[in-house]
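Taking it in order: structure first as structure tokens, then the write-up.
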Amino acid sequence: MELLLNQEESMVRDSAIEFLNTHAGPSLHRELRDGNSSRGYSDSLWDHMIDLGWPAVLVSEDYGGLGFSHVAMGQISEQVGSFLASSPLFASSILGVSVLEHSGTEQQKKDLLPSIAAGELFLTLAIDEAPRHNPELINCKAEKNGSDYLLSGVKHYVVDGHISDNLIVSAKTSNNQVTKNSTTLFIVPTASEGVEITRVPMVDSRNSSTVVLENVLLGEHQILGGVGNGHNILSIILDIANTHLAAELLGISIESFRRTLSYLKERKQFGVNIGSFQALQHRAATLWSEIELCKSIVLKALRSLDEPSLSTPRLASSAKAKTCRIAALATNEAVQMHGGIGMTDEFDIGFFLKRARVAQLLFGDQRFHTKRFSELSGF
Amino acid sequence: MELLLNQEESMVRDSAIEFLNTHAGPSLHRELRDGNSSRGYSDSLWDHMIDLGWPAVLVSEDYGGLGFSHVAMGQISEQVGSFLASSPLFASSILGVSVLEHSGTEQQKKDLLPSIAAGELFLTLAIDEAPRHNPELINCKAEKNGSDYLLSGVKHYVVDGHISDNLIVSAKTSNNQVTKNSTTLFIVPTASEGVEITRVPMVDSRNSSTVVLENVLLGEHQILGGVGNGHNILSIILDIANTHLAAELLGISIESFRRTLSYLKERKQFGVNIGSFQALQHRAATLWSEIELCKSIVLKALRSLDEPSLSTPRLASSAKAKTCRIAALATNEAVQMHGGIGMTDEFDIGFFLKRARVAQLLFGDQRFHTKRFSELSGF
Amino acid sequence: MHDLNDFRLETRDWLENHCPQSMRIPVVEEKEKYYGGRRSSYYSDDQRTWVESMISKGWVAPTWPREYGGGGLSKEQEQVLKEELSAIKARSPIFSSMGLSMIGPAILEFGSEELKREHLPKMIRGEIRWCQGYSEPNSGSDLAGLQTRAEDFGDHFIVNGQKVWTSSADKSDWMFCLVRTDFESGKHFGISLVLFDMESTGVTVRPIKLISGASPFCETYLDNVKVEKKQVVGEINKGWTIAKYLLTHERQNIGDIGNIARTQTLSEEAVDSLGLRDGQLSDSSLRTEIAEWEIDYECHQLTMERVNLEIKSSGVGNTSAMLKYYGTELNKRRHELEMSIHGGAALGWGEDSIARPWLRSKGNSIEGGTSEIQLNIISKRILGLG
Amino acid sequence: MHDLNDFRLETRDWLENHCPQSMRIPVVEEKEKYYGGRRSSYYSDDQRTWVESMISKGWVAPTWPREYGGGGLSKEQEQVLKEELSAIKARSPIFSSMGLSMIGPAILEFGSEELKREHLPKMIRGEIRWCQGYSEPNSGSDLAGLQTRAEDFGDHFIVNGQKVWTSSADKSDWMFCLVRTDFESGKHFGISLVLFDMESTGVTVRPIKLISGASPFCETYLDNVKVEKKQVVGEINKGWTIAKYLLTHERQNIGDIGNIARTQTLSEEAVDSLGLRDGQLSDSSLRTEIAEWEIDYECHQLTMERVNLEIKSSGVGNTSAMLKYYGTELNKRRHELEMSIHGGAALGWGEDSIARPWLRSKGNSIEGGTSEIQLNIISKRILGLG
């Protein structure tokens, strides 16, 4: 039943909806924004998530996790989109966990995974250096210093950087022009000397940081997945990242559309509901169709993370490209169909537009992934 | 008054509409198609056009022409689109005349222009060699043979090739890799030994030919515009060709839309005119707006042919790219809004779809000209 | 479950013995397809073997009762059969049959026992090919506005009117046809679904030539055609319910476009025709649009699969209008891109011109309910707007 | 014609002497613009010189009669003045004034002599800044559905109601406002256009914060506001005619988007940010879309020019709805492309973030009549559908 949820996955989905519906949503998001929350998420929401075991979903049972599937976690990612729920879930419990599970040494896993699963320790990826995602572009350098390394460079758009305990940093370990074998990943504790992290306020009011690394001293045990393997590991982790972002974008699209549809049924102009105007009906029907298509590709891509094959990268890029396009359409149509009220800060719909745009851009937008799809398909 | 017609131009426009409305249109086109007309146009229509002086419009007064502007001729090109009027006008009276006027020697002009102006002699361009327009791609070769040349190669999509008396052929005259200085234009009488012309039936039932040239002997006096100047001359002539094709595509769009609009007002379903459905209204309004935009860019580009400047090529490509896009939209929407009847061969709207596609492709489609626009704009 | 596995192994074995190798490669040309009917013939001996084996097994209608010649399989067994057929890429024995896929299921659901006994076995045996008489010149999208009149003469009706867009009427033996049997009631009432032989007196068929040059559709004129009352499916005047049932079926069929096997994906076609430069298709805007199309196509395929699974698992499904709408728009986009790939080479007007299927595809979003009608259905029935 | 040429030379000369160099470079920041009004001040001495010179010449309202302080120029002279101003790239002395561009012309056309004498000179002198009270919470696109009530008390009205989307109401001195003065008649009747001072008792203004973070609009509450009857423009209960006249004006203004000078074209911005590879923008899909945008933008600019010429030459013109629709959609596309060009750098939330004008642009197709309303107008008035 590849394109249906199994019982475990349905259960996770139902509980995510029920929980977030009571504990998250636009009002909480507004509170965090207007209160200038320094951590960028609600401690009590996070505590609840820990109670539900969410930080442990992807962690294998050997390290105190639940060992659930990406499809299960994807249900949470989708609802996180619908309910605008900011938390360290994406950076730490999806990206951090995935990279460790995939490439960590036994020691690294033992040291970090149980605390991550318990929601006590935060990890994140620090890989992008330019305004437009480009994993090939790495100026960060790790120079050999005896058996140690000295790491220097600047990383941008690091999700949750300023609240994380450890960063996974990509850096060049050789001057080889070919990125494929010259990149290595390092685990860098944010408390290390030479690490400076600045939170950057973003349009979605979530956590994003710039990380400056200056001669940070790293031991061999901080290498993740072996010297020169960074590129290969990253391409797998980025497929995971983009598929979960696609799930979040799907949630954003569904919820923006749901709100718009209600508004169409409720707002009166010229003595009738505006939803009775055929031009709006056809646009709504088209959008609904597109969202149905997004549901299928997102589920397929998530399933493919759990059963990796040659087509996993292509499916991840398809899912991201498609949901980017449709989330942009859904949120733009939402504002337009809400009319003036949709333009006001007081009304919630703008939050979806703002968050969608950041999720779209993170780790490659529609253009990036459409291009990658072509490359992976040989044209 | 750059964006308004002057009196002469308005006069030409009005008389073109009046004349073609009585003497051309879809029924004549159907007759030609179903009668398998070997010449591909109506002799009597052409005789009328000669009476009106159309073949002489662009020929300067020195050679027996009227010396009118491209804006004036463009009014005819537009109406040729609206009334589906096939004739040697485009190939001979626009392309042939323009290339001679621009680059012909005094002798060449004297020899050819008066007969062309009188509608007695036909010229055309033979330049394309591949299914997708690419003026840089020239395998046709003219090899030096004493003071003469031997010309060999194959040219495709030659408009009116099989009824023309002379071809303007582009060929390489040096092995220089750079096309810019290695291309020369030749005037090749179709009666020359080694010239074989085959008419190719096309979707629009107009004239298109494949020309095979095999060791065609050419004298120096048949060189047009000097050795190595072919590329420069062609780029100017292609701007003229594409701007007039843009005018024709504008005419096709306007007429397809006019017919669709009438049908929307007349066809009843569910007890009302289908034009009362708002979804169709908004699509019609959008299309109308796009067509208004096309009118402006076509007029501007025509004007720019008459007063050449650095922006002429950019305007020609803008006009072609824009009208290609909108003619495709207008004809596709026309078929869809006509419903089943629009799909039948008995009904005329399909002719516009078919002709539009050929005019779009000739000398570069929307993709080609959008790309050229970027190049000309430096990005 | 153990039984199902047995069934799978038996099926696999049977197919191994009865499906010739030549019936396991995709159909390339239209003429290789077998549609059945009085005027049909086999393209090859292998085809005869394959079709006759499947018919005698009842597997051209796997779940229909054995008493009418069907396979008598359960839904689960049918699924296994489909999987096994697809595993060996077996060709459909009887193609796109209006009988087996449309009126057959309707007769099973709504028809009298007498009708079932008369018609179902002949459908299964491929003896009678069916066509559908729905649209009329003045009722295109507004199907219920039909004006073909069937007047009551006791044990029979006399039918007068005109049908258009009847697919392959010129190659079919019987028609299932919507007629008006009550002229007073509102337009959705007073409609009946009747069956008649195309060889009946008063039936005239005229093929309609399309812009693509082909004539897959006809106009059918009905001039005092006599139709026995026993040939009414379901109740008299209650035909609209059955019509709607059939329309949903039709949408599902049309949503899945392209039953001629494509040997190449669109991008492969582009690479073949345009070549690569540094591993990339040389026309970058075409490259982007083809990638977007292929992503959308995969999304649509997956959605058909997902929706079928959901219907099977929960019985709920109202997405046929969406699948039809999106599938036909996709197919039009595909052909537009194909035209762009081949440029002038696509504009020739030879028999196998690429322009012909391109022109034909323009009808996809008109036939079987226009895209506009599908969007109306989605708006009203699914989104509750109106 | 000779006179016109003299006028041109005189004008050129005068401008040379009165327009400081700093007023001949494009405005970069909002704060450099002068809007006039009680709370206005000059950004620089050059600005004061320039504005005061233009005011005393009457050229802020070139064709208005001299008796009200206008320039008294003919249409032809106005055109010459425009050309000369544009030749030296002179800044507009009073920006986007609702007085000079909207209510002023309406008063000239429909107002009493008394109203003209009272209001026009102050507009020209930049003493009073105006705002527009049209939309209400329950009448957005359906403007004529307004509910603000003005009750008749002999020589004055008492007005109660609420207006929204009043641009810069918090910075304006007077409002021209649509109110309902007859509560029985159909909705397009019984509407009047009245003028009142924003400092009147009972007027409360609350800025609306937009998703972009800015507050260019306000809500305005009217609680027993007293309005003299002499402040009615045109006839009582006939305000809808004037409202429509003003809406057309508004569409024309909004169609011409972007009064802050751009120092770069979109493609230049892209090249600066992304760089070239082999002379091409490195992102090919962005390259295509930017080229398409620039072509459309040029088409739109040319169409505004062409339409203006046609109106001048034949007096006919009904394209303001189209220009508004297309212009605002273009501007939204521009900002989407800009976001794409700058990627993450555009997503920061600093004061000069690229995301702010992007978010602001979403309102373009809502304010001044939504895109949907413009398409309705085109369909009905121009295409005759309905």
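All chains are named by letter (A, B, ...) in the order of the sequence lines, taking the proteins before the strands, and each is independently numbered beginning at 1.
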Bottom line for L286(C): the part with an atom under 4.5 Å from chain B's heavy atoms is both
Inter-chain contacts: residues 161-171 of chain C against chain B, heavy atoms under 4.5 Å = W165(C)
Best-contacting candidate, V335(B), V200(B), L353(B), against chain C by heavy atom pairs under 4.5 angstrom = L353(B)
Answer yes if the side chains of N138(C) and K268(B) hold a donor-acceptor pair under 3.5 Å, and no otherwise.
-> no
Got a second to check how far F217(C)'s CZ is from M343(B)'s CE, nearest 0.5 Å?
-> 7.5 Å
CZ/F270(B) to CD1/I373(C) distance, rounded to the nearest 0.5 angstrom?
-> 4.0 Å
Residues of residues 363-379 of chain B within contact distance of chain C, non-hydrogen under 4.5 Å = D365(B), R367(B), K371(B)
Name the option with the most non-hydrogen atom pairs under 4.5 Å to chain B; the candidates are A355(C), G363(C), S273(C), S365(C).
-> S365(C)
Given a strict heavy-atom distance threshold of 4.5 Å, which part of L143(C) is in contact with chain B: side chain, backbone, both, or neither?
-> neither
Select one option (side chain, backbone, both, neither) describing which atoms of S353(C) are under 4.5 Å from chain B's heavy atoms.
-> neither
Kindly compute the distance separating CD1 (I274(B)) from CD (E372(C)), expressed to the nearest 0.5 Å.
-> 8.5 Å
Pick from I341(C), L375(C), N376(C) with the largest number of heavy-atom pairs that fall under 4.5 Å of chain B | I341(C)
Gap between atom OG of S212(C) and atom CG of D345(B) - 0.5 Å precision = 9.0 Å
Roughly how far, to the nearest 0.5 Å, is the CD atom of Q336(B) from the OG1 atom of T370(C)?
-> 6.5 Å
By a 4.5 Å heavy-atom criterion (distance strictly below it), what part of L210(C) contacts chain B: side chain, backbone, both, or neither?
-> both
State whether the side chain of K354(B) and the backbone N or O of L359(C) hold a donor-acceptor pair below 3.5 Å, judged by distance alone.
-> no
Of the listed P201(B), S208(B), G350(B), the one with the largest count of heavy-atom pairs under 4.5 Å with chain C is P201(B)
Most contact-rich option vs chain B, by heavy-atom pairs under 4.5 angstrom, among S135(C), G213(C), G344(C), A144(C), is G344(C)
Given that the side chain runs from C-beta out, which part of S379(C) has a heavy atom under 4.5 Å from chain B: side chain, backbone, both or neither?
-> neither
Considering only heavy atoms, which portion of S340(C) lies under 4.5 Å from any heavy atom of chain B: side chain, backbone, both, or neither?
-> both
Taking atom CZ of F347(B) as the centre, does the number of heavy atoms from other residues, nucleotides or ligands within less than 6.0 Å exceed 12?
-> yes
S215(C) versus chain B, the contacting section by heavy-atom distance below 4.5 Å = neither
So, for A345(C) and P131(B), which heavy atoms are closest and what is the spacing to 0.1 Å?
-> N-CB, 3.7 Å
What part of N332(B) is in contact with chain C, defined as an atom under 4.5 angstrom from a non-hydrogen atom: side chain, backbone, both or neither?
-> side chain
To the nearest 0.5 Å, atom CD1 of I366(C) lies from atom CD1 of I341(B) at 11.0 Å
Which pair of non-hydrogen atoms, one from G342(B) and one from I211(C), has the smallest distance, and what is that distance?
-> O-CG2, 4.0 Å
